[in-house]
Amino acid sequence: WSWDHCFNALALASGLPDAAMDQFLVVFDQQDEFGGLPDSVTHSEVLDNFVKPPIHGWAFRQLRDRLVGGLDTVRLQEVYERLSNWTLFWLDHRRVPGHALPHYQHGNDSGWDNSTMFDLDRVVEAPDLAAFLLIQLDVLVDLGRELGHDVARWETERTALGQALLELWNGEAFVAKHPATGRASTTTSLLNLMAVVAADRLPTEVFDALVEGVRGHLTEWGLATERPDSVHYEADGYWRGPVWAPSTILIEDGLRRAGQIELADEISRRFRALCERSGFAENFDAMTGDGLRDRAYTWTASAYLLLSAQAEERLR
């Protein structure tokens, strides 16, 4: 799947840097003429029916920090071109004319296939998507300057997207909106809080509200993907309740970068304890900690390795 590979690349980076870059770039080998990435790549097929969220700028920023020996200019240029095309896919082909915010066409595009964010409308302009693209634009501005490219468009788009993201704030929470009708989504999914990953682009009062929202999803075993007191919560509901690795990693990182160290530490500790109890399942019952779905999943193992290594570094 075209976001799983990012977490696996990060877990490989400190010990197997070449394998980590191969893992990061593998889906870009299937990038289409519009810059889109496939939904997934296997030994026998490439699926193009959906895409996955653009966390790749976020991942590359982290990957570069972890890679032993760094990257030469040729490889940096390759990454810049591929991230540029991936970003243009969203800006040029996934925006309603006149809109600053790109949209998902389906929950599958977000990676959160059946999240309650998509219960009212399948096509939505979503806060997590805008946040991921803001980070990706930050990466393109910095990397473009380093390589001597004109980054004026990236800077302009970043400003416009940052302003548009805040239009999804209803005074209490982020909502997703249908691009034609403006109808707002429900707000009980952890996905509505994912913009915390771009904390540096958020007003203090918005970020503080997101932090409190995250606390409302925290169970003994980690972050439930649907608020446990929601009528839509399902113990084995895929993205409607269970704890997942990618949401844990992204939110933990956003909180830590914004100075919410105690909460980030607690999220890390609980997820690591969950894996040590129940292995590396695709997802977990947020109340019992039992493994669900695929019981041996790579990005869960990668998330555990990342959080464990970071915890050890902090102890040192």
Side-chain angles (χ1 to χ4, degrees), residues 1-31 35 37-38 40-43 46 51-87 111 132-133 135-149 151 154 197-198 244-254 256-257 264 268 271-272 275-276 280 282 296-316:
W1 303 101
S2 292
W3 64 321
D4 300 45
H5 69 108
C6 292
F7 302 96
N8 296 337
L10 291 174
L12 290 166
S14 62
L16 296 168
D18 291 339
M21 280 306 299
D22 284 345
Q23 185 67 196
F24 178 73
L25 290 170
V26 64
V27 299
F28 286 97
D29 291 341
Q30 304 295 331
Q31 193 167 28
L37 296 179
S40 66
V41 179
T42 73
H43 69 287
V46 177
V51 291
K52 284 292 176 275
I55 68 165
H56 302 79
W58 170 87
F60 182 70
R61 183 176 65 185
Q62 304 240 355
L63 185 60
R64 196 174 180 189
D65 288 342
R66 289 178 168 83
L67 285 173
V68 177
L71 295 170
D72 60 27
T73 301
V74 173
R75 183 47 64 90
L76 290 176
Q77 179 63 32
E78 178 185 12
V79 172
Y80 178 78
E81 291 174 0
R82 295 186 177 204
L83 284 179
S84 295
N85 291 334
W86 179 219
T87 304
F132 293 144
L133 286 171
I135 294 171
Q136 198 149 289
L137 287 164
D138 279 339
V139 171
L140 287 173
V141 167
D142 292 342
L143 188 53
R145 286 174 178 164
E146 182 180 346
L147 295 169
H149 297 298
V151 297
W154 303 139
V197 75
W244 285 76
S247 48
T248 299
I249 290 291
L250 288 161
I251 287 180
E252 192 268 358
D253 177 67
R256 190 173 299 282
R257 288 176 182 272
S268 171
F271 185 81
R272 285 181 283 124
C275 292
E276 288 161 6
F280 302 129
E282 184 178 9
Y297 210 72
T298 57
W299 71 1
T300 309
S302 293
Y304 176 79
L305 291 171
L306 284 168
L307 293 175
S308 296
Q310 291 164 358
E312 288 295 325
E313 290 167 6
R314 290 193 293 273
L315 284 175
R316 295 196 200 103

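Quick note: numbers below take in every heavy atom, side chains included, and nothing from hydrogens, waters or symmetry partners.
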So CD1 of I55 and SG of C6: to nearest 0.5 Å the spacing works out to 4.0 Å
Closest heavy-atom pair and its distance - S84, L140: OG-CD2, 3.6 Å
Could you give all pairs that pass the side chain to side chain donor-acceptor pair (under 3.5 Å) test and reach residues 55-66, with sequence neighbours left out? H5-H56, H56-W86, W58-D253, Q62-R66, Q62-D253, R64-E146
Side chain to side chain donor-acceptor pair (under 3.5 Å) pairs touching residues 6-27, sequence neighbours excluded, are N8-T298, N8-S302
Quick one, F28 and N85 - any side-chain contact, counting heavy atoms below 4.5 Å? no
In short, L307 meets S268 closest at the heavy-atom pair CB-OG, 3.8 Å
Which residue, W299, Y304, F24, forms the ring pair (Phe, Tyr, Trp, His ring centres under 6.0 Å) with F7? W299
Nearest heavy-atom pair of L83 and Q136: which atoms, and what distance? O-NE2, 4.0 Å
Are the side chains of L37 and K52 in touch, meaning some heavy atoms are under 4.5 Å apart? no
Measure across L63 and A20 and return the closest heavy-atom pair with its distance rounded to 0.1 Å. CD1-CB, 4.1 Å
Test V197 against I135 for side chain to side chain contact (heavy atoms under 4.5 Å, CB included), laying out the working first. CA-CA 9 Å; V197 75; I135 294 171; 3.8 Å; yes
T300 side, atom OG1; L305 side, atom CG - distance, nearest 0.5 Å: 11.0 Å
Test salt bridge (Lys or Arg N to Asp or Glu O under 4.0 Å) applied to R75 and E78, step by step: CA-CA 5 Å; R75 183 47 64 90; E78 178 185 12; 2.8 Å; yes
Taken to the nearest 0.5 Å, the spacing of D142 CG from Y80 OH works out to 11.0 Å
Over all atoms of both residues, closest heavy-atom pair of G111 and W3: CA-CZ2, 3.6 Å
Passing option when Q77 is tested against D72, L147, L143 for side-chain contact (heavy atoms from CB on, under 4.5 Å): L147
Kindly write out the residues that satisfy salt bridge (Lys or Arg N to Asp or Glu O under 4.0 Å) with D29, not counting sequence neighbours, or none if the list is empty. R82
Using a strict cut-off of less than 4.0 Å between a Lys/Arg side-chain nitrogen and an Asp/Glu carboxylate oxygen, indicate whether E252 and R256 qualify as a salt bridge. yes
Atom pair CZ (F271) and CD1 (I249), whose distance is rounded to the nearest 0.5 Å: 6.5 Å
Taking every non-hydrogen atom, the tightest pair across V151 and V141: CG1-O, 3.8 Å
Considering only heavy atoms from C-beta outward, does the side chain of V26 approach that of V41 to under 4.5 Å? no
